[in-house]
*Asks:* 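Next up is a structure, given as structure tokens.
Index from 1, following the sequence. Start at 1 and go down the list; that is how both ligands and their atoms are numbered.
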Amino acid sequence: MTVLRKNLIDGEWLGEAGSRNINPSNTNDVVGEYASAGPEEAKQAIAAAKAAFPAWSRSGPLARHAVLKKTSDEIMARKDEIGRALAREEGKTLAEGIGETIRAAQIFDFFAGETLRLSGELVPSVRPGVGVEMTREGVGVVGIITPWNFPIAIPAWKIAPALAYGNTIVFKPAELVPESAWTIVDILHRAGLPKGVLNLVMGKGSVVGQAMLDSPDVNAISFTGSVGTGKRVAAASVEHMRKFQLEMGGKNPLVVLDDADLGTAVDCAINGAYFSTGQRCTASSRLIVTEGIHDRFVDAVKERLDKLVIGDALDAKTQIGPVVDQTQLKQDEDYIAIGRQEGAELAFGGERLERESPGFYLRPALFLGATNAMRISREEIFGPVANVIRVKDYDEALAVANDTPFGLTSGICTTSLKHATHFKRNSEAGMVMVNLPTAGVDFHVPFGGRKGSSYGPREQGRYAMEFYTTVKTAYTFAG
Ligand code: NAD
């Protein structure tokens, strides 16, 4: 029998069955049934978070540390089970699902530590006898809206700092991945959060998400998702004069220079472009390759692509799982057709695959002869599709890499210190990788991009404090 997962509002599990969650590796497999909140539940959740804020914001570091540490410990202890459920609902491989779960545990552990490291400043005023204190306080009710592609890590890297710095939360996860969201909320709830501090409202973005955007009682919104939804979040937030933070798409370049180590470059391309089925905002969808290494690089990438095991996410041998759902699969196939119409050569893959169970299987696709002006080079596809853009030299590679509306990550494979250093300084991206895939980042340092990829303060690491706190300057006259 399928279990019904409910929403958490003001400390109570509420709601009737609303939606079913389907395994993309096997569409006959129903992962679970989930309550679907409407505008009324969203309002109740916001009201509960508002009422819980004064006490939680004054709760002090030990209470917050205890909840975050306990949560980290439970996630780590259950990493295999939670990682498996994640792979089952999202379609990334078991190893990727477990890896992401471990990362969530590490994030909670990091922010548990941060609760004990809060500090302020005390400076003399320019006026004799006056002292000035600068302290940080929680912002209030934070709305957290997340996408489907990192179902546990992204909620973790928003919820953990929000709680650590004394905020209360209304959390709306993506419709496709409610199981991971529910699990993390269940663990936090049982770890001892007071009622109303964390509220879960699963449901449609256009309904529940929109109700959060429209509420004057949501003091800040942290959003990760597409550019289109991000713009809505921005417009509504400006209307309400609230703080907001957007992490959106990417069209990340990986530059491969003639002097690159071929093995490293191929590893970076395969991992960056295709792992997690290419469904990462940090994926390397543009492979910008100089002439001298172009043919050797392309042959080696095709050889590796041919050996990749594409199949059921829960099979331990699988290296590339299915696409997340029918809509995303159609988008990938549409872009593959667009690339061919634009004149790029589909040199590998791009066709649907049959496996034992019915699922959304797509063979990873590689385009050659792409130009940077083609739609497949400018628009985010969000699937296992990469283009090779051939360039003359480093200068052209850098210019092409930067010629994009996005600016999340970028990478370069080279053995030249000069080019590596120049690229790090001149790449217009928030995160730059040298001889590493464009995807795959540490959990204790800032994450975020530039241009159309991101807006607002960075996420993760100590930099997260910037968004989840507000500064107070207090003056005291002591005579
Ligand atoms: P999406 O924009 O469709 O949905 C994101 C979230 O917004 C979901 O929870 C959705 O329900 C909600 N939403 C939809 N309409 C809304 C509305 N009117 N009001 C409020 N909320 C609403 O994105 P997606 O398809 O879930 O995720 C894929 C996108 O996320 C890609 O563009 C990817 O690049 C991006 N992404 C970015 C990062 C990053 O850190 N830069 C990380 C992961 C994913």
*Asks:* Begin from the C-alpha positions of Thr318 and Asp315 and carry the test side chain to side chain contact (heavy atoms under 4.5 Å, CB included) through to its verdict.
*Replies:* CA-CA 6 Å; Thr318 295; Asp315 182 337; 3.5 Å; yes
*Asks:* Of all the atoms in ligand 1, which lie at a distance below 4.0 Å from a heavy atom belonging to Asn149?
*Replies:*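 Going through ligand 1 atom by atom, the ones under 4.0 Å from Asn149 are 43 (C), 44 (C).
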*Asks:* Measuring from non-hydrogen atoms of Phe150 to any atom of ligand 1, is the shortest distance under 4.0 Å?
*Replies:*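 No, that is not the case, since the closest heavy atom of the residue is not under 4.0 Å from the ligand.
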*Asks:* Tell me the nearest of Pro147, Gly225, Ala181, Gly209 to atom 29 (C) of ligand 1, using heavy-atom distances.
*Replies:*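 The option holding the nearest heavy atom is Gly225.
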*Asks:* Hey, what do you get for CZ (Arg375) to CG (Asp334), rounding to the nearest 0.5 Å?
*Replies:*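 The distance works out to 9.0 Å.
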*Asks:* Find all atoms of ligand 1 within a distance of less than 4.0 Å from any non-hydrogen atom belonging to Leu408, and give their numbers and elements.
*Replies:*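 Those qualifying, in numeric order: 41 (N).
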*Asks:* Among all protein heavy atoms, pick the one closest to atom 8 (C) of ligand 1 and tell me residue, atom and distance.
*Replies:*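 Closest protein heavy atom to atom 8 (C) of ligand 1: Thr146 O, 3.3 Å.
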*Asks:* For atom 14 (C) of ligand 1, state which one of Asp214, Thr229, Val208 supplies the nearest heavy atom.
*Replies:*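 That would be Thr229.
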*Asks:* Pull out every atom of ligand 1 sitting under 4.0 Å from any heavy atom of Glu380, numbered as shown with elements.
*Replies:*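 Near Glu380, meaning under 4.0 Å from one of its heavy atoms, ligand 1 has 31 (C), 32 (O), 33 (C), 34 (O).
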*Asks:* Atoms of ligand 1 less than 4.0 Å from Gln210 heavy atoms?
*Replies:*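 Answer for ligand 1: 17 (C), 18 (N), 19 (N), 20 (C).
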*Asks:* Would Phe382 and Trp148 count as a close aromatic pair, with their ring centres under 6.0 Å?
*Replies:*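 They qualify: ring centres under 6.0 Å apart.
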*Asks:* Going through the distances and angles, do Ile145 and Ser222 end up as a side chain to side chain contact (heavy atoms under 4.5 Å, CB included)?
*Replies:* CA-CA 6 Å; Ile145 303 178; Ser222 180; over 6 Å; no
*Asks:* For ligand 1, which atoms have a heavy atom of Trp148 less than 4.0 angstrom away?
*Replies:*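 Listed by number with element: 24 (P), 25 (O), 26 (O), 27 (O).
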*Asks:* So for Pro173, does at least one of its heavy atoms come nearer than 4.0 angstrom to any atom of ligand 1?
*Replies:*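 For ligand 1, residue contact (heavy atoms, under 4.0 Å) with Pro173 is present.
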*Asks:* In terms of atom number and element, which parts of ligand 1 are under 4.0 angstrom from non-hydrogen atoms of Glu175?
*Replies:*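 Counting atoms of ligand 1 from 1, those under 4.0 Å from Glu175 are 10 (C), 11 (O).
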*Asks:* Just which atoms of ligand 1 are under 4.0 Å from any heavy atom in Arg232?
*Replies:*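 The atoms of ligand 1 under 4.0 Å from a heavy atom of Arg232 are 18 (N).
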*Asks:* Go through the steps to decide whether Val30 and Asn21 satisfy the test side chain to side chain contact (heavy atoms under 4.5 Å, CB included), and finish with yes or no.
*Replies:* CA-CA 6 Å; Val30 178; Asn21 182 3; 5.9 Å; no
*Asks:* For Tyr455, enumerate each residue passing the ring-ring contact (aromatic ring centres under 6.0 Å, His included) test, keeping only those at least two apart in sequence or located in another chain.
*Replies:*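 Scan of Tyr455 (ring-ring contact (aromatic ring centres under 6.0 Å, His included), adjacent residues dropped) gives Phe244.
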*Asks:* Report yes or no: does Ile154 have a heavy atom closer than 4.0 Å to ligand 1?
*Replies:*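 Yes; Ile154 lies near enough to ligand 1 that a heavy-atom distance drops under 4.0 Å.
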*Asks:* Tell me the nearest of Met248, Lys251, Lys231, Arg280 to atom 37 (C) of ligand 1, using heavy-atom distances.
*Replies:*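 It is Met248 whose heavy atom sits nearest to atom 37 (C) of ligand 1.
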*Asks:* Regarding atom 42 (C) of ligand 1: of the candidates Ala236, Cys281, Gly250, which has the closest heavy atom?
*Replies:*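 Comparing heavy atoms across Ala236, Cys281, Gly250, the nearest one to atom 42 (C) of ligand 1 lies in Cys281.
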*Asks:* If the cut-off is 4.0 Å to any non-hydrogen atom of Phe223, which atoms of ligand 1 fall inside it?
*Replies:*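 This gives 2 (O), 5 (C), 6 (C), 7 (O) as the contact atoms.
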*Asks:* Charged N to carboxylate O under 4.0 angstrom, Arg190 versus Asp186?
*Replies:*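 Salt bridge present between Arg190 and Asp186.
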*Asks:* Answer yes or no: does an N/O atom from Lys204 fall short of 3.5 Å to an N/O atom of ligand 1?
*Replies:*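 So ligand 1 has no N or O lying under 3.5 Å from an N or O of Lys204.
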*Asks:* Step by step, work out the side-chain hydrogen bond (donor to acceptor under 3.5 Å, both in side chains) result for Ser180 and Glu89.
*Replies:* CA-CA 8 Å; Ser180 301; Glu89 75 172 349; 2.7 Å; yes
*Asks:* If a pair satisfies side-chain hydrogen bond (donor to acceptor under 3.5 Å, both in side chains) and one of its residues is in residues 429-443, list it, with sequence neighbours excluded.
*Replies:*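 Matches after skipping sequence neighbours: Ser284-Thr438.
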*Asks:* Is the distance between the ring centroids of Trp182 and Tyr34 less than 6.0 Å?
*Replies:*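 Between Trp182 and Tyr34, the centre distance exceeds or equals 6.0 Å.
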*Asks:* Any cation-pi pair here, Lys243 with Phe467, using under 6.0 Å and within 45°?
*Replies:*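 Output yes; distance and angle both within limits.
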